[in-house]
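Basis for what follows: all heavy atoms, side chains included, without hydrogens, waters or symmetry-related copies.
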Amino acid sequence: MRTSQYLISTVKETPSDAEVVSHQLMLRAGMIRKVASGLYSWLPLGLRALRKVERIVREEMDKSGAMEVLMPAIQPAELWEESGRWEMYGPELLRVKDRHNREFCVGPTHEEVITDLIRREIKSYKQLPANFYQIQTKFRDEIRPRFGVMRSREFIMKDAYSFHVGTESLQQTYEQMYQTYSAIFNRLGLDFRPVLADTGSIGGATSHEFHVLAESGEDDIAFSNVSDYAANIELAEALSPAGELAAPTAEMTIVDTPNAKTIEELVTQFDVPIEKTIKTLFVVASDACEADFVALLVRGDHELNEIKAEKLPEVAEPLEFAEEEQIRNLIGAGPGSLGPVGLEIPVIADRTVAKTSDFSAGANIDGKHYFGINWNRDVDLPQVADIRNVVEGDPSPCGEGSIEIKRGIEVGHIFQLGQKYSEALEAKVLDQNGKSVVMDMGCYGIGVSRVIAATIEQNHDESGIIWPESIAPFHIALIPLQYDKSDDVKALTDQMYKDLQQAGYDVILDDRDKKTSPGVKFADMDLMGIPHRVVISPRGLEAGTLEYKGRRDTDKQDIKVEELMSVLAERINL
RNA sequence: CGGAGUGUAGCGCAGCUUGGUAGCGCAUCUGGUUUGGGACCAGAGGGUCGUAGGUUCGAAUCCUAUCACUCCGACCA
């Protein structure tokens, strides 16, 4: 492309509503423009990068033997009623009606449609396993879209669904997708980690997320500092502390704590170590539980893991904290003074809590705490469960090393769904014995548009984006100086432009008019992240040289005109 | 949805407290000079101040409502 015929929409100033670098740079480089909250148009430059990501994803998926299909973005309510998700999915599902008043949704995912398709098309075990994918626009009515294309409402996703007879076949394909995803993210030049994950609303058994490590990530990932264990913090198990519960060394005393409503206040005002405090959280009980509320105990410096708590049979799903008024009605004290002693509702203690002695907790009387509480002596040890988030330094659940926590951006997610959808939609085939069996399913997603943002989060500097070769909108920026004045420069530049394109490179030739100074061109190409730059100048031509600079290089270098092709070939892996 | 905040030219902002009919920088257009890291000079265009009411002789400014957007929390590729 010639810049004179291309839309270069770079912006010098950072738009005020962009919070993270990738969003700022995508706006500044002229890749995207916002249409409404969580809705973006892709400008030519951005789309080129997006298409390259799609191409890599498509190539690797094809290589794995998956078949590409394309399903509608709009889906009929009936299918979602059949799977039960019309009720379950909630307001994130954008529901619309057609002119006949029939209900539809804009697809946030396609389990229902693919399962419906496959149950009609595939009748025999001989046609399995089979894996189908599409690259398509999804819509999720996110409560709070943010960070540009990182969490938008409309986005592009590669979703794949595999079908099997038996879990063994499912596991094989799952493993293959794991490898395929690793290959994709490697080709994209991302620093990523596969991590164990919760299955969330999609459902199913085993699941891994692929995370791009970045400070701006919205997920916390727990790593072992010695093994390759990695898990989303939602899932990472907090082990029971080693050793036995220590014997009591203190008497239980009741203390006036009128100004200590939080653990922090208690710790600072009464000089108790935070590891000897227990917080008590009241949550709504499930229908299976005879009480209305359940008390959850975690150590003062720990955080409740809501996903883990929600999975307890006693706890209502979704997890809901009790209102202050409800707590008052129940025990006559407010949230600042709750504790396990004398509590008459079901209590569930975190594993660490169960191994804590001589601790402090609320007395269930406003303005009072018990100090020196000990299990068994002062209050019965309640039911124990893992209900907290792991923290840095915890022993790793894999048994080796200790936990480190880093931020990650989820760019891919693979699930073994099992029969969740095939059962609901009665997707069956005949097996070897001529018996009708429900298919097993896997599903595999990549946030294609999110990959772009994640890539920029990992690859940028003060001047702008630094594209990895594989998805750079253009490989090479040709910047001629004195293009209008020097016939030699013009002739050589035009020739190189042709030759490089012929060699298969994507080239952008900055031939903007003489009013656009070289500085502007350099700055634009840096901002847009073009990985290789070649400057053609009259001065250089006299010596028979061009100037080459890689986007990450600190210095430019002069190379002979005839060496250009080999220099580039060495650096660019097409 | 709960909490916080912002809407003034394409972008970034000032003006609002103390009402008097809109301004700065960048960008854009024209002419000229420049040309190796976001040039300079001269000129030009562009805003019913988010929207709708109200108060007032007079509203960007005060009041009310409403809409949009952003940030912090729960959701997820």
To the nearest Å, give me how far apart [atom1] ([X]) and [atom2] ([N]) are.
X         : N       : atom1 : atom2 : value
Glu13(A)  : rA9(B)  : CD    : P     : 14 Å
Met150(A) : rU70(B) : CE    : P     : 15 Å
Met177(A) : rA77(B) : CE    : C1'   : 16 Å

Q. Under 3.5 Å, is there an N or O donor on one side and an acceptor on the other linking the side chain of Arg533(A) and the base of rG37(B)?
A. yes

(Q) With a 3.5 Å cut-off and heavy atoms only, can you find an N or O donor on one side and an acceptor on the other between the side chain of Arg144(A) and the base of rC71(B)? (A) no

(Q) Which nucleotide, if any, forms a Watson-Crick or G-U wobble pair with rC71(B), using both distances under 3.5 Å? (A) rG3(B)

Q: For nucleotides rC16(B) and rC29(B), find the distance between their P atoms and express it as a whole number of Å.
A: 34 Å

**Q.** Closest listed nucleotide, where the reference is the side chain of Met157(A) and the choices are rA77(B), rC11(B), rU35(B)
**A.** rA77(B)

Q | Arg407(A) bridged to Asp220(A) by N-O distance under 4.0 Å | A | yes

Q | Residues forming a ring pair (Phe, Tyr, Trp, His ring centres under 6.0 Å) with Phe192(A), sequence neighbours excluded | A | Phe185(A)

Q.
Under 5.5 Å centre to centre and under 30° between planes: does that hold for Phe522(A) and the six-membered base ring of rG38(B)?
A. no

**Q.** With Met67(A) via side chain to side chain contact (heavy atoms under 4.5 Å, CB included) - residues at least two apart
**A.** Ala130(A), Phe132(A)

